[in-house]
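Count residues from 1 along the sequence. Below, all heavy atoms of this structure are taken into account, side chains as well, without hydrogens, waters or symmetry copies. Bear in mind the structure is a predicted one, so any value in this text is a computation, not a measurement.
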Amino acid sequence: MTITEVGCMGVKPGLNIMNQVTWEGQILTNTWKTVIAKPGGPYRVYWGLEMDNTSRVWAFFDWDSVEQHQKFAQSHGAEAVKHLPEICTHGEFTKHLTMVPSSDVLRSPLIEVLLTYFTADITRSDKAEASVNLETILAKTFAGCSSVQKLAHGWGLQNDFPVRGKEEQLGSILVAFVGWDSVGAQTEFYESDAYNKGVELIKNMKGNIGFYSFRMNCQHLERH
């Protein structure tokens with residue numbers, strides 16, 4: 001099963017890192033090209049800014065396993081990403097997720113990411129229950145919307161994700177991805193009662209200790 005590495009970094013002010021014509025955009029793209037090209041690297045990488053907070057860039061990398069990523073990081077990681085400090089202020093975290101059914105949702109023109117946090121010691125049975133609940137909510141809220149292209153969800157493999165908005169608190173994370181065909185379609189649906197009801201159901205899932213959502217569109221590269 002594919003494992004997806006997820007990381008979030010701060011972006012230096014005034015830089016347009018998603019524009020490959022700029023020097024900063026070239027640094028970021030060439031960094032991921034290097035990562036993809038190195039022996040044992042990931043199969044694909046997606047990256048994009050939070051649309052409503054462009055000081056954060058997210059990246060997702062598909063691997064066969066956490067061990068493959070760790071081996072690559074030890075062998076090539078430092079050299080591959082050596083230029084990132086020129087455009088990024090800091091790394092917030094690097095962790096791993098499962099994405100069911102796949103990371104293909106990140107190819108959508110717009111991706112809405114909904115992060116739901118739970119305590120670090122959440123039990124396996126409570127995880128299973130939360131997964132079923134989230135799948136049901138996603139199906140009822142988004143699956144019938146013609147502007148939604150793909151859905152995905154999955155748990156973080158670690159239990160020490162930084163809980164956004166709660167300083168120094170760590171926890172487990174369940175993530176939902178909604179792939180939209182346009183910004184306008186998501187914006188319109190965002191104002192609907194169905195959307196607000198669905199999000200409230202996610203926020204009120206048993207054991208939830210935090211919630212954060214953002215929108216992004218991704219560029220991506222694949223190993224050939």
Side-chain angles (χ1 to χ4, degrees), residues 1-9 46 48 50-53 56 58-63 65-66 69-70 91-106 108 110-145 148 150-180 186 189-216:
M1 182 178 68
T2 300
I3 297 300
T4 301
E5 173 195 354
V6 54
C8 182
M9 297 176 290
Y46 305 88
E50 292 188 20
M51 288 184 61
D52 302 305
N53 182 0
R56 288 194 182 99
W58 290 72
F60 301 84
F61 309 82
D62 283 347
W63 304 86
S65 65
V66 174
H69 173 212
Q70 292 173 335
E92 290 194 11
F93 65 85
T94 299
K95 304 293 182 187
H96 302 90
L97 301 168
T98 57
M99 290 184 67
V100 180
S102 74
S103 64
D104 287 351
V105 65
L106 297 174
S108 304
L110 179 77
I111 307 101
E112 186 172 5
V113 185
L114 305 129
L115 312 172
T116 308
Y117 299 91
F118 298 83
T119 58
D121 60 353
I122 184 173
T123 65
R124 185 173 299 179
S125 61
D126 283 344
K127 275 189 171 184
E129 180 181 346
S131 294
V132 171
N133 289 340
L134 180 63
E135 286 186 74
T136 301
I137 294 167
L138 292 176
K140 288 182 176 179
T141 305
F142 299 105
C145 180
V148 172
K150 292 182 181 294
L151 295 168
H153 72 281
W155 280 96
L157 299 185
Q158 293 84 15
N159 65 355
D160 58 349
F161 280 77
V163 179
R164 186 63 59 87
K166 298 187 178 182
E167 189 174 353
E168 297 184 1
Q169 186 169 358
L170 304 176
S172 301
I173 193 170
L174 178 59
V175 188
F177 300 87
V178 184
W180 295 89
Q186 189 276 338
F189 193 71
Y190 180 82
E191 303 295 335
S192 69
D193 289 341
Y195 179 89
N196 290 320
K197 182 179 179 180
V199 170
E200 281 303 308
L201 288 171
I202 294 173
K203 289 180 178 180
N204 291 326
M205 285 196 298
K206 185 178 72 174
N208 177 9
I209 62 170
F211 177 84
Y212 181 74
S213 65
F214 64 92
R215 302 178 298 166
M216 65 187 301

* To do: Answer yes if the side chains of His96 and Glu5 hold a donor-acceptor pair under 3.5 Å, and no otherwise.
  => no

* Asked: Above 12 or not: heavy atoms from other molecules or residues under 6.0 Å from CG of Asn53?
  -> yes

* Asked: Are Arg124 and Glu129 ion-paired here, with the side-chain N under 4.0 Å from a carboxylate O?
  -> no

* **Side-chain donor-acceptor contact under 3.5 Å, Asp126 with Thr123** => yes

* Asked: Can you tell me if Asn208 uses its side chain to pair, donor with acceptor, with the backbone of Lys203 under 3.5 Å?
  -> yes

* **Identified side chain to side chain contact (heavy atoms under 4.5 Å, CB included) counterpart of Val178 within the set Leu110, Leu114, Val113, Ile111** => Leu114

* Ignoring hydrogens and angles, state whether a donor on the side chain of Asp62 or Thr4 is under 3.5 Å from an acceptor on the partner side chain. => yes

* Phe177 vs Phe60 aromatic rings, parallel, tilted or perpendicular, using cut-offs 30° and 60°? -> perpendicular

* Does the pair Lys150/Glu112 count as a salt bridge with the N-to-O cut at 4.0 Å? -> no

* Is it true that a side-chain atom of Thr141 and a backbone atom of Leu138 form a donor plus acceptor pair closer than 3.5 Å? -> no

* Inspect the surroundings of OH in Tyr190 and state if more than 12 heavy atoms from other residues, nucleotides or ligands are less than 6.0 Å away. => no

* Asked: With no hydrogens and no angle check, is any side-chain donor or acceptor of Lys166 less than 3.5 Å from a backbone partner on Ile209?
  -> yes

* Any side-chain donor near an acceptor of the partner, Thr98 and Trp155, under 3.5 Å -> no

* Using distance alone, with no hydrogens and no angle criterion, decide if Tyr195 and Glu200 have a side-chain donor and acceptor under 3.5 Å apart. => no

* Flag, side chain of Ser172 to backbone of Thr119, donor-acceptor distance under 3.5 Å -> yes

